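Structure, as structure tokens:
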Amino acid sequence: MAERFDPQAVEAKWQSRWASDGLYRTVWDPSRPKWYAMTMFPYTSGDLHCGHWYAMAPSDTHARYKRMKGYNVLFPIGFDAFGLPAENAAISRGIHPFRWTMDNAQRMRGQLRSMGAMFDWDREVVTCLPEYYQWNQWLFLQFYKRGLAYRAKAPANWCPGCQTVLANEQVMADGTCERCHSVVTKRDLSQWFFRITNYADELLQFDGIEWPERVQAMQTNWIGRSFGVEVSFGLNAPGVAENEVRVFTTRPDTIYGATFMVLAPEHPLLGALTTPERKAEVEAYMEAARRATEIERQSTEREKSGVFTGAYCLNRFTGKPIPIYTADYVLVHYGTGAVMGVPAHDTRDFAFATKYGLPIVTVVAPPGWRGQPLAEAYIESGPMVNSGPFDGVSNADGKERIADHAETTGWGRRRVTYRLRDWLISRQRYWGTPIPIIYCPTCGEQPVPEDQLPVVLPEDAEFKPTGESPLRYHAGFYNTVCPRCGGAATRETDTMDTFVDSSWYQMRYLSPHYSKGPFDPAEADRWHPVDQYTGGAEHATMHLLYARFFHKVLRDLGLVESNEPYVRLFNQGQILGTDGQRMSKSRGNVVAPDDNVARYGADAFRTYLMFLGPWDQGGPFNTEGINGATRWLNRVWTLVSDHWDAGDADGDPVPVRELRRWTHRTIKRVDHDVADFHFNTMLAALMEFTNYLVRPDSQQLRGTAAWREALESLILMTAPSTPHFAEELWTLTGHPYSVHQQAFPSFDPALTVEDEITLVVQVNGKVREKLAVAAGISEDQAKAAALASPKVAAQIDGRQPRQVIYVPGRLVNIVL
RNA sequence: GCCGAGGUGGCGGAAUGGCAGACGCAGUGGACUUAAAAUCCACGGUCCGCAAGGACAUGCGGGUUCGAGUCCCGCCCUCGGCACCA
């Protein structure tokens with residue numbers, strides 16, 4: 001046998017053998033349960049970085065484990081291939097985005113193969129190919145038919161860096177672009193939307209899926225369901241047709257304290273109801289709000305500002321007129337874009353009223369309140385006051401009673417609102433799926449007939465960003481004929497958000513070249529939904545939300561039966577640089593996986609990444625830590641190559657029993673740990689087992705069946721995490737190819753039981769003695785043994801124990 | 001401010017309410033070697049002590065318990081998400 005494990009030679013050899021044998025080609029097999037495992041596909045950046053390895057290698061280990069447990073595992077891979085970096089690279093380097101993307105994909109295929117993952121390459125999808133994106137277009141048309149895709153003019157998030165609009169989800173909390181970190185501004189544009197809000201309530205249900213609480217919480221917050229009352233305030237303004245302004249409130253109990261009203265600067269009625277003498281001031285305010293960035297608008301630090309419109313509306317409950325203001329702390333796209341100002345019970349309204357000298361009327365009494373003015377808004381509960389017929393009612397009851405009253409009188413109605421907005425999918429850029437819509441001067445907006453799909457992205461477009469889609473300037477693309485009247489017409493030139501691509505790719509994997517629909521229904525019925533999905537939590541409110549939405553639409557279209565695309569989700573943490581910071585070129589702390597693979601081998605690198613800590617926590621990369629992985633693999637290698645023995649002698653029963661106990665206990669630990677993604681403790685268990693086996697007295701058992709069982713189990717247990725290494729050892733020990741077609745070793749619970757245990761003896765809760773006793777010791781025997789110990793006797797010092805606690809198999813605690 | 005995850009040796013981390021620090025990295029001493037690397041053996045929380053042993057130790061302060069890293073209450077800090085959402 002070889003002296004040392006030579007990863008370069010061994011890994012290359014098995015990778016090519018697996019590929020030529022199609023070892024990981026998955027075909028449907030009704031005799032085994034299916035397991036559809038997925039790791040998030042990579043963007044075609046051109047380079048697989050440590051983050052990809054950290055996400056994918058453990059995911060592969062889990063998939064391999066499932067395969068050894070008897071499942072028919074499907075573990076596909078592909079490329080997220082549309083998107084801005086391709087265009088930016090094209091602009092700066094003069095390479096076509098298609099070329100750049102496909103070259104990158106080719107390089108990344110090599111890197112992915114070097115990982116030794118069990119990807120089924122026959123199912124690869126590449127989203128920038130017409131055979132993929134035509135089904136984005138087809139799905140768009142189905143959405144369109146059902147009213148789930150629509151065009152609307154709205155103030156959209158405009159990223160000056162990316163020269164395109166962004167979805168709400170792609171604007172970060174600080175008002176910058178998720179991709180390029182430019183400050184996002186607003187632009188009024190006609191844009192395409194997907195009506196995700198139709199599914200808001202259903203997206204709040206996580207029944208039947210096992211997702212991390214954290215992701216559920218993030219999605220729940222993002223959707224932001226709140227229940228309240230929409231109330232009408234009377235309006236009688238000269239020259240204004242409307243006779244009411246509606247507000248949304250979750251605090252109808254405070255309506256008697258509403259002393260003013262505030263409209264968002266974009267509120268449609270604002271211009272009309274402003275009085276002539278106030279016009280100039282209000283218009284200046286509207287204009288300033290329009291120009292302000294999201295950052296400026298959303299800063300809560302900033303002092304409240306606003307302008308009086310000169311108009312009044314009627315608080316129907318008090319019967320009193322209240323002034324109407326406009327202020328930018330009111331958001332046009334939430335609720336009705338107007339709020340009632342209740343300064344006594346809302347901190348924002350309090351600040352506003354204080355600044356502009358508006359009346360503050362307490363309507364929910366704080367404890368011990370005697371009518372004095374409030375120093376700050378009181379937002380807790382209490383009895384209602386100054387509220388006409390509702391005085392004395394608890395405000396919790398008041399909420400219901402006032403809502404009832406509003407509904408009976410017709411002044412308002414109960415309503416649910418969401419923070420979630422419809423998904424804006426238009427992008428004014430070249431490298432994406434063309435939206436299949438045609439504009440005809442006579443027939444208007446027309447969907448491209450399905451038999452004319454795909455609407456192919458022309459290769460020869462000039463794709464410099466101008467703020468308009470480059471397709472607008474491609475005459476051959478832009479000019480077309482109306483599918484209805486045959487007259488001259490033009491195409492929609494915006495392309496789709498790339499998150500459309502990843503919203504359903506798990507279905508396309510099942511039949512990537514199917515031409516009669518987005519996926520083959522027979523394959524879909526067999527494989528979907530995905531049993532285990534793994535990837536980063538940064539996608540919680542983008543990809544993972546969109547994919548759930550898409551799946552529900554697919555279900556309503558009759559294309560799938562399940563309600564959710566991904567049954568189980570696991571979010572791995574983030575691998576950081578050695579300095580504990582995010583890896584980035586600008587910080588200079590990037591660890592290149594290729595270098596490590598060349599130096600230590602893929603298996604050692606995989607081992608190190610999994611051993612580093614709990615997978616969901618991530619952590620800093622430690623350049624020296626990888627030595628430990630290499631050292632362990634070499635120890636196993638030496639152990640097996642020097643001491644493998646196919647003998648099946650019985651051996652001395654006592655040490656044999658001890659060896660088998662080690663073997664079976666290790667199998668038990670490893671099985672549990674890998675099933676639960678606890679790769680670090682799985683490897684620790686294997687290391688402990690190795691340390692035990694290399695002890696000279698363990699090797700006395702060479703030649704026994706127990707010894708062979710131990711080494712075979714060890715090799716089999718390393719197969720999921722170090723696939724090449726295990727394959728080589730399996731072959732070298734004379735076993736038939738392939739180790740990856742073997743069953744995971746199983747343990748016999750009876751063999752894991754200890755004969756002898758360490759009985760810990762405490763006196764007043766402090767450990768004073770440790771005794772080796774038989775595992776089956778009785779309570780009385782244990783207590784007697786504890787009291788008999790000289791050390792314990794010295795501590796007791798003749799006193800009478802008040803209590804003696806016995807924990808079976810563990811300890812005796814003598815309480816004095 | 002709200003929601004979520006955390007805080008344990010020099011470092012990464014382990015521990016169904018029951019021996020805190022498994023496993024590993026780095027370090028120290030030793031073996032092998034002309035030497036080094038590799039490998040193997042041993043030792044590594046802090047303080048007192050020659051030692052046996054003892055005291056103190058899981059962010060801070062309380063509590064429950066025979067017994068708390070683990071459970072409860074109140075704080076502090078770090079990270080992630082959301083944030084003028086009426």
Side-chain angles (χ1 to χ4, degrees), chain A residues 4 172-174 212-222 224-226 228 247-251 254 258 262 264 297-302 304 327-331 333-342 345-349 351-352 417-420 537-538 540-541 571 573-574 580 607-608 611-614 616-632 634-635 638 678 680-691 694 696 758-770 791 801-816:
Chain A
R4 297 281 305 272
M172 303 209 300
D174 64 358
E213 288 295 328
R214 188 165 43 118
V215 175
Q216 295 187 31
M218 280 164 76
Q219 293 198 347
T220 303
N221 288 341
W222 187 261
R225 184 183 200 271
S226 61
V247 301
F248 174 75
T249 179
T250 55
R251 293 293 306 275
T254 64
V262 188
R297 267 300 280 277
Q298 294 190 353
S299 167
T300 49
E301 323 288 271
R302 198 170 53 118
K304 302 264 172 293
D328 63 5
Y329 76 88
V330 176
L331 308 173
H333 45 67
Y334 186 80
T336 62
V339 302
M340 61 183 200
V342 184
H345 305 292
D346 182 285
T347 47
R348 297 155 302 183
D349 296 344
F352 193 81
T417 31
Y418 302 90
R419 209 191 74 102
L420 180 72
E538 67 274 17
T541 56
N571 292 126
Q574 225 175 35
T607 301
Y608 170 66
F611 187 59
L612 179 115
D616 55 352
Q617 279 173 33
F621 191 91
N622 175 349
T623 316
E624 283 163 333
I626 197 165
N627 291 334
T630 302
R631 234 172 257 164
W632 171 61
N634 283 331
R635 275 158 69 81
T638 309
H678 298 147
N680 58 330
T681 49
M682 167 199 80
L683 288 163
L686 289 173
M687 287 174 186
E688 284 181 63
F689 188 39
T690 308
N691 292 344
V694 299
T758 303
L759 185 72
V760 174
V761 185
Q762 297 180 337
V763 177
N764 283 339
K766 295 198 173 177
V767 179
R768 298 298 178 183
E769 177 68 298
K770 295 171 189 178
K791 284 186 196 169
R802 283 197 293 134
Q803 198 183 353
V804 180
I805 311 271
Y806 175 61
V807 181
R810 288 193 180 273
L811 64 69
V812 174
N813 186 12
I814 297 159
V815 186
L816 296 172

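Protein chains get the first letters and strands the later ones, always in sequence-line order, with residue 1 at the start of each. Keep in mind that this is a model prediction, so the values were computed, not measured.
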According to the Watson-Crick and G-U wobble definitions, with both distances under 3.5 Å, which nucleotide is paired to [N]?
| N | answer |
| --- | --- |
| B/G53 | B/C48 |
| B/U58 | none |
| B/G69 | none |
| B/C19 | none |
| B/A42 | B/U28 |
| B/C79 | B/G4 |
| B/U64 | none |

Phosphate oxygens OP1/OP2 of [N]: is one of them under 4.0 Å from a side-chain N or O of [X]?
| X | N | result |
| --- | --- | --- |
| A/N680 | B/A14 | yes |
| A/T220 | B/C3 | no |
| A/R768 | B/G54 | yes |
| A/K766 | B/A57 | no |
| A/R810 | B/G67 | no |
| A/N571 | B/A5 | no |
| A/R631 | B/C40 | no |

* Asked: Start at the 5' end of RNA chain B and walk down; is the nucleotide closest to A/F248 or to A/G618 reached first?
  ->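 Looking at RNA chain B, the more 5' nearest nucleotide goes with A/G618.
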
A/L811 vs A/G625, nearer the 5' end of RNA chain B by closest nucleotide: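 Of the two residues, A/L811 wins.
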
For [X], which contact category applies under a 4.0 Å heavy-atom criterion: base, sugar-phosphate, or nothing?
| X | value |
| --- | --- |
| A/I805 | base |
| A/V815 | sugar-phosphate |
| A/Q762 | base |
| A/N764 | nothing |
| A/N813 | base |
| A/D349 | nothing |
| A/R225 | nothing |
| A/T541 | nothing |
| A/V767 | sugar-phosphate |
| A/P614 | sugar-phosphate |

> Is the Lys NZ or Arg CZ of A/K304 less than 6.0 Å from the centre of A/F352's six-membered ring, within 45° of the axis?
Replying inline: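 No, a cation-pi geometry is absent between A/K304 and A/F352.
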
Query raised in the report: Quick one: A/N221 CG to B/G1 C1', roughly how many Å, whole number?
Result: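 That distance rounds to 13 Å.
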
- Item | Atom pair distance, as rounded to whole Å: CD in A/E769 and C1' in B/C19 |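 Going from A/E769 (CD) to B/C19 (C1'), I get 12 Å.
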
Would you indicate which nucleotide in [options] comes nearest to any side-chain atom of [X]?
| X | options | answer |
| --- | --- | --- |
| A/N627 | B/C66, B/C19, B/C25 | B/C25 |
| A/V339 | B/C3, B/C23, B/A86 | B/A86 |
| A/Q803 | B/C66, B/A14, B/A86 | B/C66 |
| A/E688 | B/A86, B/G81, B/A22 | B/A22 |
| A/R635 | B/G4, B/C40, B/C23 | B/C40 |
| A/T249 | B/A86, B/C23, B/C84 | B/A86 |
| A/N622 | B/A86, B/G4, B/C25 | B/C25 |
| A/R419 | B/C82, B/A86, B/A22 | B/C82 |

Can you list the steps and then say if A/I805 with A/Q762 is a side chain to side chain contact (heavy atoms under 4.5 Å, CB included)? CA-CA 9 Å; A/I805 311 271; A/Q762 297 180 337; over 6 Å; no

When you check the glycosidic angle of B/G9, does it come out syn, meaning within 90° of 0, or anti?
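This nucleotide is in syn.
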
- What's the base orientation of B/G74: syn (chi within 90° of 0) or anti?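 For B/G74, whose glycosidic angle is more than 90° from 0, the conformation is anti.
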
Quantified in whole Å, what is the [atom1] atom distance between nucleotide [N] and nucleotide [M]?
| N | M | atom1 | result |
| --- | --- | --- | --- |
| B/U58 | B/G6 | C1' | 14 Å |
| B/G59 | B/A55 | C1' | 22 Å |
| B/C71 | B/A14 | P | 15 Å |
| B/C73 | B/U64 | C1' | 11 Å |
| B/C11 | B/G45 | C1' | 14 Å |
| B/C47 | B/G9 | P | 15 Å |
| B/A26 | B/G12 | C1' | 11 Å |
| B/A68 | B/U8 | C1' | 14 Å |

Does a side chain donor of either A/R635 or A/N691 reach within less than 3.5 Å of an acceptor in the other side chain?
->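 Yes - a donor-acceptor pair under 3.5 Å links their side chains.
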
Please give me the minimum heavy-atom distance between A/R214 and A/A537, naming the atom from each residue.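 Nearest heavy atoms, A/R214 then A/A537: NH1-CB, 3.7 Å.
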
Measure across A/M340 and A/T249 and return the closest heavy-atom pair with its distance rounded to 0.1 Å.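 So the two residues come closest at CE-OG1, 3.7 Å.
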
>> Looking at A/Q617 and B/G6, is any side-chain donor or acceptor paired with a base atom of the opposite kind under 3.5 Å?
In response: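 For A/Q617, whose side chain was compared with the base of B/G6, there is no donor-acceptor pair (under 3.5 Å).
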
Does any N or O in the side chain of A/N764 come within less than 3.5 Å of the main-chain N or O of A/L816, such that one atom is a donor and the other an acceptor?
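Confirmed, A/N764 side chain pairs with A/L816 backbone.
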
| message | Treating A/Y608 as the side-chain partner and A/T630 as the backbone partner, does any N or O pair qualify as donor plus acceptor under 3.5 Å? | response |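 Pair absent, no side-chain N/O of A/Y608 close to backbone of A/T630.
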
| request: Applying side-chain hydrogen bond (donor to acceptor under 3.5 Å, both in side chains), run through A/T690 and A/W632 and close with a yes or a no. | output: CA-CA 8 Å; A/T690 308; A/W632 171 61; 2.9 Å; yes

Step by step, would you call A/L612 with A/N622 a side chain to side chain contact (heavy atoms under 4.5 Å, CB included)? CA-CA 9 Å; A/L612 179 115; A/N622 175 349; 5.8 Å; no

